[in-house]
Every structure is written in structure tokens, then in C-alpha cells.
Amino acid sequence: MQTQRELSSFPIAPVHKTKLAAAGFIIVEDLKGMKPSELSKETGIGMEESLDILKLVLGTDGKGDNSGHVDKSALDILKQEQSLPHIVTFSEQLDNMLGGGVPLCKITEFCGAPGTGKTQICMQLAVDAQIPECLGGLEAEVIYIDTEGSFIVERLVDIVTATVEHCKEIAGGDQDSGELGDFTPERVLSRMHYYRCHDYIELLATIHLLPDFIKQHSKVRLVIVDSVAFHFRHDFDDMSLRTRLLTSTAQNLIKLATTFELAVVLTNQMTTKVRAGESSQLVPALGESWGHASTIRVILYWEGQERYAWLYKSPSHREARVPYQVTMGGIRDVVTEDESHNDDTVDTDKNPTKRQRVT
Ligand SMILES: Nc1ncnc2c1ncn2[C@@H]1O[C@H](COP(=O)(O)OP(=O)(O)OP(=O)(O)O)[C@@H](O)[C@H]1O
């Protein structure tokens with residue numbers, strides 16, 4: 001590769017050449033090590049076009065030379081992993097258990113029985129992904145795929161309002177200051193792209209079309225499917241077809257996560273597994289092969305009157321369990337007696353099956 005070759009000598013669209021030059025990318029060397037998302041961010045060129053430019057100039061997707069050989073050290077990979085941002089859940093304990101929150105480039109699956117808080121976590125993440133960059137957030141757009149009809153927009157508004165207020169408090173209460181002035185409930189809601197899928201065909205079609213949508217909306221950093229199990233559990237007689245479709249869905253989602261550097265968050269239901277001679281057990285639905293689809297799996301459950309999140313599968317963090325609560329403002333840590341007198345968002349819901357609204 002001629003590292004000193006000028007980018008203007010490549011067959012790149014003139015408009016993109018101008019943007020590259022304006023952002024300081026003049027020769028091949030300048031693009032080395034760039035990821036499509038970084039190039040897109042720095043130049044304002046779309047994600048797909050950035051990928052094309054990197055392929056054209058470097059012969060790859062920008063991650064190395066075109067020899068096809070391994071071109072990274074373990075240290076490079078470690079640095080890359082450590083630099084990947086996370087989306088916080090607003091429960092510090094849950095974030096710590098996950099290594100900082102829900103990671104980009106991976107699939108995280110929240111499994112749990114009805115009422116454990118899967119949808120609440122999805123909504124909280126959908127809002128938190130939009131926290132402004134000046135507060136360390138991703139300022140992202142979000143895709144929310146709802147298969148169950150459990151997306152209650154009034155509930156989302158509660159979480160959005162609390163999150164916006166919280167961010168403004170952190171920023172010093174100056175509501176109109178700088179970039180935070182844009183972080184309003186209306187803006188957060190308008191940057192959440194909602195799809196309602198009524199059957200598995202609509203779900204598969206939506207997932208299939210996501211890459212095109214994301215190319216048009218390069219700020220998308222979170223794709224939520226709540227729940228992935230619903231239609232696959234109810235609409236199927238042919239189990240081998242189901243397995244094939246689930247396998248290709250998992251492949252599409254992981255490709256989406258890595259290509260566009262975004263987090264995929266799925267929810268899954270629980271089902272009863274009965275083994276001969278053993279007592280029955282609640283396990284995540286969709287079978288054992290689906291268990292390999294997600295990189296990280298968290299099981300939500302009740303213990304007495306407290307909600308717990310159990311990190312059941314993770315390639316890099318040890319198994320752990322932490323309590324969390326669902327408050328009017330969203331997901332939070334469980335507060336102790338001492339802390340609670342200062343907190344007006346205590347989990348008043350002691351009945352796991354009842355949706356309670358705090359006014
Ligand atoms: N405003 C609120 N304040 C406190 N808790 C709330 C509030 N709104 C909902 N909840 C609680 O959230 C829980 C419901 O969570 P969620 O809908 O996320 O469950 P889920 O795991 O997605 O269940 P399902 O599988 O039935 O969709 C209920 O226990 C409900 O009491």
C-alpha cells in the first residue's frame with residue numbers, strides 16, 4: 001500500500017473528497033486504523049460511504065491492510081474493547097456487573113418472567129442512549145422493535161422526564177445552557193424510532209431492513225427487540241424452520257451490532273423445563289441453541305419482594321447477582337433505609353404482577 005498516495009487521486013466522489021480534505025484527511029496514511037464510524041463522525045460522510053472509502057483506499061474495512069492476514073495484537077484488541085462505550089442503565093450496581101453498562105458491538109439479552117422489568121430496562125436504555133455527549137453519553141438515536149405491544153408511551157414519558165431532569169441537575173440546573181438545551185423530552189422521543197411487529201414475518205422483515213435504515217440514520221447506537229421470543233413461541237409448529245430462522249436472525253443481529261458499532265438489546269421470556277427425574281426449572285425460552293445468540297445474558301427474577309438481575313452469561317465478567325428497582329423515573333439501585341429518606345423514587349411496587357403508577 002502506498003501510504004503517501006494522495007486521497008484526491010482515488011476515484012472518490014468529489015463531494016466526499018472535499019469533506020475528507022476539510023477534515024484533514026489528505027493521504028492514505030491519514031485513514032489507517034480508522035473505523036467507518038469514526039470516519040463518518042469526523043467527516044460527516046455517511047456510514048456506508050465511509051466504509052466504501054476505507055475499502056477502496058485501504059483495501060479493507062479500515063481495520064488493517066489487504067493481505068488477509070491477522071493484523072492486530074491482543075493489545076490492540078484489548079484497547080479496542082476498552083474504548084467501546086457502554087449505555088448505562090441508571091442502576092450503578094447493574095452497570096458495574098455488566099462492566100459499565102450495556103456494551104456496543106454486542107448482543108445483550110434480558111430474560112425474565114412477566115413483570116420482572118424487561119420492558120422497563122429497555123425503555124430506560126432507549127432514553128439513556130441519548131444522553132448528551134457533554135455528559136459522557138452517546139447522544140444516539142434508538143430503534144425500538146415492539147413485538148408484544150408492551151410499549152406504553154405514557155410510561156416512557158415518565159422515564160424520559162426523570163432522565164432529562166436528572167441530566168439537567170448534573171449539568172448544574174442551567175436548563176438552557178449549551179448542548180443540553182437540546183436534551184428535551186420531545187427531542188428524546190423524536191429520536192426513538194418505533195416499529196410494531198405483529199408476527200414473526202414482520203419482525204424478520206424489519207430486522208432485514210434495519211441496515212438500510214441505519215445507513216440513513218448514522219447516529220443509531222441501540223437496537224432493541226422487546227421481545228424476540230414472542231412470535232417465535234406462538235406462531236410455530238415447524239421447529240426446524242424456527243431454529244433456522246432464529247439462527248439467521250441471530251447472525252443478522254450480530255452483524256448489525258459489529259458493522260454499525262451499536263448495542264443490540266433483546267428481551268426473552270422464561271419457560272418451564274422438565275427433565276425426567278428432576279424438578280422443573282424456569283429457563284430462558286427459545287431453546288439451547290438460541291442461548292449462543294447473545295454475547296451477554298442477564299436473567300431478571302424476584303427474590304421475596306426484591307428484583308434481582310443475574311449475570312448468567314458473559315465472555316468477560318464473572319457471574320453475579322445485584323438487586324435493582326423499578327421506580328416511577330425508571331431503573332435505579334435499591335436504596336437502603338438510611339438513603340431512602342432523601343429519595344422520593346422508592347420502589348412502591350411490592351406486587352410483582354401489578355403495574356403501579358406513582359403520581
Ligand atoms: N411508574 C411505575 N413505578 C414503579 N413501578 C412501575 C411503574 N410502571 C411499571 N412499573 C413496574 O414495572 C413492572 C413491569 O415491568 P415490565 O413491563 O418491564 O415487565 P416485563 O418483564 O417486560 O413483563 P412482560 O413480559 O409481561 O412484558 C411491574 O412490576 C410494574 O409494577
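Numbering of ligands and ligand atoms starts at 1, following listing order.
- Listed by atom number, the atoms of ligand 1 under 4.0 Å from A113 heavy atoms are 21 (O).
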Item to complete: Assess whether side chain to side chain contact (heavy atoms under 4.5 Å, CB included) is satisfied between L104 and I87, documenting all intermediate values.
Response: CA-CA 8 Å; L104 302 197; I87 302 169; 4.1 Å; yes

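- With a 4.0 Å heavy-atom cut-off, ligand 1 is reached by no atom of S227.
- Per-residue contacts place E148 under 4.0 angstrom from the following atoms of ligand 1 (heavy atoms of the residue considered): 27 (O).
- The pair K219-E133 meets the salt-bridge criterion, since a charged nitrogen lies less than 4.0 angstrom from a carboxylate oxygen.
- Contacts of E186 classified as side-chain hydrogen bond (donor to acceptor under 3.5 Å, both in side chains), with partners at least two apart in sequence or in another chain: none.
- At least one heavy atom of R307 sits closer than 4.0 Å to an atom of ligand 1.
- For R196 and F151, the positive end is not near the middle of the six-membered ring at less than 6.0 Å and at most 45° from its axis.
- Which of K118, M123, Q120 comes nearest to atom 14 (C) of ligand 1 through a heavy atom is settled by distance: it is Q120.
- Residue contacts with ligand 1 include G115, since one or more of its heavy atoms lies under 4.0 Å from the ligand.
- In this structure, C122 has no heavy atom closer than 4.0 Å to ligand 1.
- Within a 6.0 Å sphere centred on OH of Y312, other residues, nucleotides and ligands contribute 12 heavy atoms or fewer.
- Note on residues 236-247: no pairs pass salt bridge (Lys or Arg N to Asp or Glu O under 4.0 Å), not counting sequence neighbours.
- At a heavy-atom distance under 4.0 Å, no atom of Q269 approaches ligand 1.
- The aromatic rings of F213 and Y195 lie perpendicular to each other, with more than 60° between the two planes, well past the 30° mark.
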Test side chain to side chain contact (heavy atoms under 4.5 Å, CB included) applied to V57 and I12, step by step: CA-CA 9 Å; V57 174; I12 298 172; 4.2 Å; yes

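- By the 3.5 Å distance cut-off applied to N or O atoms, T119 is counted among the residues near ligand 1.
- Here the shortest heavy-atom distance to atom 26 (O) of ligand 1, taken over G330, P114, G117, belongs to P114.
- Within the 4.0 Å heavy-atom criterion, the part of T327 lying near ligand 1 is the backbone and not the side chain.
- Not a single N or O atom of D158, backbone or side chain, sits closer than 3.5 Å to an N or O atom of ligand 1.
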